[in-house]
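Working notes, beginning with the structure itself.
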Amino acid sequence: MSQVRVRFAPSPTGFFHIGSARTALFNWLYARHTGGTFILRIEDTDQARNSEAFLKLIYDSLTWLGLDWDEGPDPTGVGERGTFGPYRQSQRGAIYQQYKQKLLEAGRAYEKDGAIWFKLLGERYKIFDDHRKKEVEKVQSGPVLIDDKIRGKVERQEDEDFVIFRSDGNPVFHFVNVVDDITMQVSHIIRGEDHLSNTSKHVRLYEGFGVTPPVFAHIPLILKSPEMGQGKMSKRDKGALIEEYQQRHFLPEALVNYLALLGWNPGDNREKMPSADIVKLFDLPGVNQSNAKFDGRKLANMNMTYLLEQPAERFISLAKAYFAKQPAGAAAMTNDAYFRAVMLMAQPKIKSVDELGAYTGYFFTDDFPIDAKVKEKVMAKGEAKARLAELIAALPAMDFSSDAAIEAGIKTLAESQALGFGDYQAVARLAVSGTNAGPNITGMFRVLGQERVKARLERFLASVA
RNA sequence: GCCCCCAUCGUCUAGCGGCUAGGACAGAUGAUUCUCAUUCAUCAAACCGCGGUUCGAUUCCGCGUGGGGGCACCA
């Protein structure tokens, strides 16, 4: 059995979005599943729209997602891996000329209006095209049969010669795509369904070169979620860009897991799976035929479940990467032990890393905001001020060495007043953090330390007196 | 306009002739927890329509309808 060789062929003309990432992922999964080769080819023939920044974004995004390529440009921008290169179309001009020559010599291409056209085989006739309002030459070339691994048998007509080299001398997409896939010995073309209609052109080109076409597998597209409107997910849609998730410090494995589930499933009810398991189970026949709508909420949930199970060290490093980019981040990290303690307390409570700033802000400054609504609610209940005063009085004698000790201390105080833990918890939390959502009060006390807690309680009491 | 693909809860999906149509996200309710989250339990929620084929269709076929994509000297 011949080796599986698949490729992902993006063009660096725009931001790297969800749809591209999913196509890359499916190719990568198939390569890894079959023990084949995953090729990255850069389709940078559109000189007007190309940019090095977008090229770098492709490397960065793939790397971040963990989709490593066996052949293709080196992400450093210098050199490349693999022996079928160059892997950037802008450097493959000579190959295209050579293949153009082949068609010309075989009588399968001709020049017209300064451009080179691919010549279909079959009887020719002229017909007036109502839509284009002009007479066009049609060719009865017979049906093209595509045996798609996902779609099944698809039949299409290709009945007009088409341009393969523009009059400015540049080859067009269909031509370079096919030539590259031939010369790179690509065995399976896994790409979006939007290319299904182009496939008949490609098949004709393969025939023109006398080459058996590879296996085609057209995967469903990712559509906008109902709130976003209709149609295909585009770069402008919220949540469409990989960069966005990177900046929000999502876990790449969560995004990969979610993306894998868009158009594919393992056949049982499993959803959350490590990448290794997906690689093991992924196969082309398991891919769906219908388009999927993007759901940011499910992605967010996936991200949360991954976040919850991260080992402490990984979570800390994620937190550090996040704080490094925050305005007051450096200040927050000056005391490493303190920073770690705060982060680990926050980990089981947050849904995404980018919530950390807001969630832990009061740990790193005494000048934190007090939520007015929460304040009103808490202060209206019982004799909050009295509870606060009692707590301040009891504080110096309390043992702050552990959560359990602090809990015992507050409970002892509560019992002495014939009250419950909760009578002190809410107001203490408000005084110390300014809000009602946060880690356990005992943990907060312990991490903040006795002095700071006392100061905050006193300051708050004074402010409401 | 022409061509191609698709069709199960709001969303992602399981189902491959006979099922109380299953799971997950989101939603609702309740329980647990010092708050908030988490977690747990419960509830609500779908086979696009019409014709066939068949003893029997969500499942197979046709037609409609709906959704998506493609028809360039863009990629």
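Within every chain, numbering begins at 1; the chains are lettered A, B, ... in the order of the sequence lines, protein sequences first and strands thereafter.
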Nucleotide nearest [X] when distance is taken to its side chain, options [options]:
X	options	value
Val163(A)	rU35(B), rG67(B), rC73(B)	rC73(B)
Glu43(A)	rC73(B), rC5(B), rA75(B)	rA75(B)
Phe173(A)	rA75(B), rU35(B), rG22(B)	rA75(B)
Gln425(A)	rG67(B), rG70(B), rU35(B)	rU35(B)
Thr45(A)	rG68(B), rC6(B), rA75(B)	rA75(B)
Arg166(A)	rC71(B), rC74(B), rC5(B)	rC74(B)

Ignoring hydrogens and angles, write down the donor-acceptor pairs under 3.5 Å from the side chains of residues 169-178 of chain A, residues two or more places apart or on other chains.
{"unit_1": "Asn170(A)", "atom_1": "ND2", "unit_2": "Asp168(A)", "atom_2": "OD2", "d": "3.4"}
{"unit_1": "His174(A)", "atom_1": "ND1", "unit_2": "His202(A)", "atom_2": "NE2", "d": "2.9"}
{"unit_1": "Asn177(A)", "atom_1": "OD1", "unit_2": "Arg7(A)", "atom_2": "NH2", "d": "3.2"}
{"unit_1": "Asn177(A)", "atom_1": "ND2", "unit_2": "Glu43(A)", "atom_2": "OE2", "d": "3.1"}

Give a yes or no on this: more than 12 heavy atoms of other residues, nucleotides or ligands lie within 6.0 Å of atom CZ of Phe421(A).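 For Phe421(A), atom CZ is crowded (more than 12 foreign heavy atoms under 6.0 Å).
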Could you check whether atom CD of Glu155(A) has more than 12 heavy atoms from other residues, nucleotides or ligands sitting under 6.0 Å from it?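 Counting other residues, nucleotides and ligands, CD of Glu155(A) exceeds 12 neighbours.
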Phosphate OP1/OP2 of [N]: any [X] side-chain N/O under 4.0 Å:
X	N	result
Gln157(A)	rC3(B)	no
Asn269(A)	rA24(B)	no
Lys272(A)	rC25(B)	no
Asn301(A)	rA26(B)	yes

Protein and nucleotides 9-12 of chain B: nitrogen or oxygen contacts under 3.5 angstrom:
{"unit_1": "rC12(B)", "atom_1": "OP1", "unit_2": "Lys293(A)", "atom_2": "N", "d": "2.9"}
{"unit_1": "rC12(B)", "atom_1": "O2'", "unit_2": "Leu261(A)", "atom_2": "O", "d": "3.1"}

Residues Arg248(A), Asp354(A): salt bridge by 4.0 Å N-O rule: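 Salt bridge flag = yes for Asp354(A) with Arg248(A).
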Is Glu309(A) salt-bridged to Lys272(A), going by a charged N under 4.0 Å from an acidic O?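 Salt bridge flag = yes for Lys272(A) with Glu309(A).
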Check every strand shown and say whether Thr435(A) touches a base, only sugar-phosphate, or nothing at a heavy-atom separation below 4.0 Å.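 Here Thr435(A) touches no strand at all.
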